[in-house]
Amino acid sequence: MSTPDSSSTLSKPSTASDPGGEPAAPPTGPAGGAISAAEAVISTARLTKRFGTTAALDEVDLRVRGGELVVLLGLSGSGKSTLLRCLNGLQPISGGEVSVLGQRVDTASRGELRALRTQVGFVFQQFNLVGRLSCLENVLTGALGRVRGPRYGVLSYSRALRREALAHLDRVGLADRAFQRADTLSGGQQQRVAIARTLMQRPKVLLADEPVASLDPENAGVVMDLMFQICVEEGLTVLCTLHQIDLALGWAKRIVGLREGVKVLDREASGLTRAEVMEIYQRVEPGRPEGAGEGLPT
Amino acid sequence: MTAGSDPSSSPGSSSPDSSPASRSAASTGLLTPPEPEPAASAGPAIRPPVTRNGVQLTLTALFGVVAVVLSVWRLDLEPAELTDAFGDLGRLLKRMWPPVFDDPGRIAELALETLLIALIGTVFAAVLSAPLALLAARNTAPNRAVQAVARGIITFCRAVPDLVFAVLFVRAMGIGVLPGIMALAVHSVGMLGKLFADAIEESSPDPREAVRSTGAGPLRELVSGVLPQVVPSWIATFIYRIDINLRTSVVLGYVGAGGIGFALKDSLSGLVYDKALGLVTAILVIIIAMELLSVVLRRVLLSPPRGDRTGRTAPRDPVKVSAPWTNERITRAVSSTLLAATFVYGFVLLKVDLRELLTSIGDIFQVGTRLIPPNFTLAGWKLFGAVVETVAIGVVATAVGFVLSIPFGLLSARTVSPNRVVYAVARTLIVVIRAIPELILAVVFVVAFGLGPLAGACALAIASIGFLGKLVADAAEEIDLGPVEAVRAVGGGWWAQLFSAVLPQLVPALIGNTLYMLDVNIRHSTILGIVGAGGVGFLLFESIRTVNYEFAGGIILIVFVIVFAVERLSGWIRSKVI
């Protein structure tokens, strides 16, 4: 249904790879090509996602090793969030291949997808907590993938699960707020509850979608430090989108840049300079006039 | 589009420069460069551009006025007759006074029975509505076909009046409380199902997505991601519905479906008016008590959280990890236990048998099938006249309610009322009017004025003043006070503030609520006939009493179509105004 030709007719000039090119060849960057399919925990091949006629992702190839900490950078609308959501099947893809933890995501059955999701933690920009429920109950929903039957209320979860949830809350420093309504917490605290919810899943992979974009700089630093520290301790494979370059350079082992759905950078973070990273944010193609040029009087 | 569709501007469109109105319409509509205008004094009159929306609304308003005039004419409402009627009412009240409570124990028992019927019926309705709402909400329905069917069931339950269900169920199951309970339950699904589904549609998709991303299946996603978000709104709707059902359950006895209504009917037909007033007083007491209780419940259960202090929300026991007993948790536990206990107690006291409930479904189904195929011909033109009368009663009552609720509502709004005394008097009046069920009003008016549509129209009109008045008052208390201040700042007095700052903000709410009121009034006016207060209800109940089910089916179908049409019409007008 989605032919390479239809994507090439879209306004995707120089950086787009040749429609008929090699399937697994990454268009740019040295780091991506070095990882074999066997050691990749997350791998996409020519991943394409279209919304109507606009391509949010255009043939993205990405491989992430186990335990690697990768930060995705790019302007809003560059396809970062879409990429993450394609990885755990929250968003069906239009073309290409996606596999995570050895499971093909694009061809997975509903049951297989659910089984995969239990191992993939997801941290949302807007925390996605149920505001009316207590912190503890929000954390407990992280266990839903491994319990049977619907649950309503803290007491519907076993005592062992409740204890585990409290331990995770303790880890993010909020055990003394366990029974406070989530919507009475500050943004930073809410994101910490959401991280505890993700830990409750005992995930192997963590996908974080702009986890600190809604927080003030100080809280953003606290939350990022906490999240990455836990990930390192647990040996999680992390793919995190950010728009703070300094935070990215401080924590990431590898940095991947997206621009208008196309991968434009994929390099080890050590040795990368700020200026090199800033190039990701260059929206305009060289040699073309500024944005709304045709609207101006000549 | 803009000027051409308006008949009033047709002379202008033939000769473009003759009419100032057409010129302003054309220049705004077509974005042509403005023509050089002459100096101020000789300039054209500045009028708002004629838009398609404006024309449609003007025509609708004209249609509304014509409908009111025709309705008044149809009901033969004459000033002389009205003054006579109020004389009759005075004489009746004199004969009722003082109220007699000859057997307080019996009255209390009937009042309790009435209350329990309302409660159990509403609980049943909520139990039926929750799954139905999940199927009917856009964002939780499994597919469009299921959604359409669920919406259809909900609309049907709302369009058929509760007393019609009650009469049919009494016919199928015999006299008793169970048909009353079931009638309330089935009809309430119409409102609860719709409002429950609306709440689901308004819930945020984010928590659901979070639950889904943990690998939970669809059912767990609903229970953990959607349900917690909608519960407060569902509880508020449920409590509100108990209030409404209590008002209906006091008249269920009129059709043999249990409660205090039967005693009322008995004492009125036996001309024991003082005893009837005693019963009416008892009814008012339980309704006002319930209203106060629901205010308290709503405040306790639905109040926003207080800022918690650190430590107070830590688990009591780190091993058991159970919630601390906060005030909120205590009230929630106590009120839900009380509700459950009352529910069970009601089952025992009213001797409701669940097996009977199951076997009765067959009987109801049988009566239901006998309504088909509907027959419209039995009463000939009488049916047509009765239908017109029903609509006319609804229209007149709504018009009276609309006109009188504006002053009433504004005077009982704290932000608008000129002083505290006026505010207190107007508020109290509205509370009292709202406490009286419209069918009780109709009963009293039938006794005072005699059989006929006048009694019904007056009853519904008074109820409308109470209902709309409260909505106007609430809307007026929520308006943005900035514009009021602005008018005061340019030196405007009370009237100027009212017309330039308050009323313009109230228009959408006023129109929306009036249309809703029309919807409600037409539904109510179909059942006024049961107490002899006019409309198609008399034919309907007669036909069921005399086992002419096909004819009853025809009338129910007509009622359904009218209610549905009014609902669609009001939806259309609301979308134009708001």
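Just so we're on the same page: letters track the sequence lines, and every chain starts at 1.
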Nearest-0.5 Å distance that lies between atom CD in Gln126(A) and atom OG in Ser204(B) = 9.0 Å

Hey, what do you get for OG1 (Thr214(B)) to CD (Gln119(A)), rounding to the nearest 0.5 Å?
-> 12.5 Å

Heavy-atom donor-acceptor pair, [X] side chain to [Y] backbone, under 3.5 Å:
X         : Y         : value
Asn128(A) : Pro207(B) : no
Arg220(B) : Arg148(A) : no
Arg117(A) : Ser213(B) : no

Between [X] and chain B, with a heavy-atom cut-off of 4.5 Å, which part of the residue counts as in contact: side chain, backbone, both or neither?
X         : value
Leu133(A) : side chain
Arg110(A) : neither
Leu140(A) : neither

Residue pair Arg132(A), Val231(B): steps toward the side chain to side chain contact (heavy atoms under 4.5 Å, CB included) verdict | CA-CA 10 Å; Arg132(A) 280 189 58 249; Val231(B) 158; 4.2 Å; yes

Go through [options] and name the one with the most non-hydrogen pairs under 4.5 angstrom from chain B.
options                                    : answer
Pro203(A), Gly149(A), Ala175(A), Ala115(A) : Gly149(A)
Leu136(A), Thr198(A), Val147(A), Asn138(A) : Val147(A)
Ala143(A), Ala167(A), Pro150(A)            : Pro150(A)
Leu113(A), Asn88(A), Leu90(A)              : Leu90(A)

Could you go through the side chain to side chain contact (heavy atoms under 4.5 Å, CB included) check for Arg85(A) and Glu209(B) one step at a time?
-> CA-CA 10 Å; Arg85(A) 296 160 64 82; Glu209(B) 194 166 59; 2.5 Å; yes

So does Glu218(A) have more than 12 non-hydrogen atoms from other groups sitting under 6.0 Å from CD?
-> no

How about Arg104(A): does its CZ atom have over 12 heavy atoms from other parts shown lying under 6.0 Å from it?
-> yes

Which is it for Gln229(B) and Val130(A) under the side chain to side chain contact (heavy atoms under 4.5 Å, CB included) test, yes or no, and what are the steps along the way?
-> CA-CA 7 Å; Gln229(B) 294 189 66; Val130(A) 180; 4.2 Å; yes

Do you know which of Leu227(B), Leu222(B), Val211(B) has the most heavy-atom pairs with chain A at a distance under 4.5 angstrom?
-> Leu227(B)

Compare every heavy atom of Ser224(B) with every heavy atom of Tyr157(A), then report the nearest pair and how far apart it is.
-> OH-OG, 4.1 Å

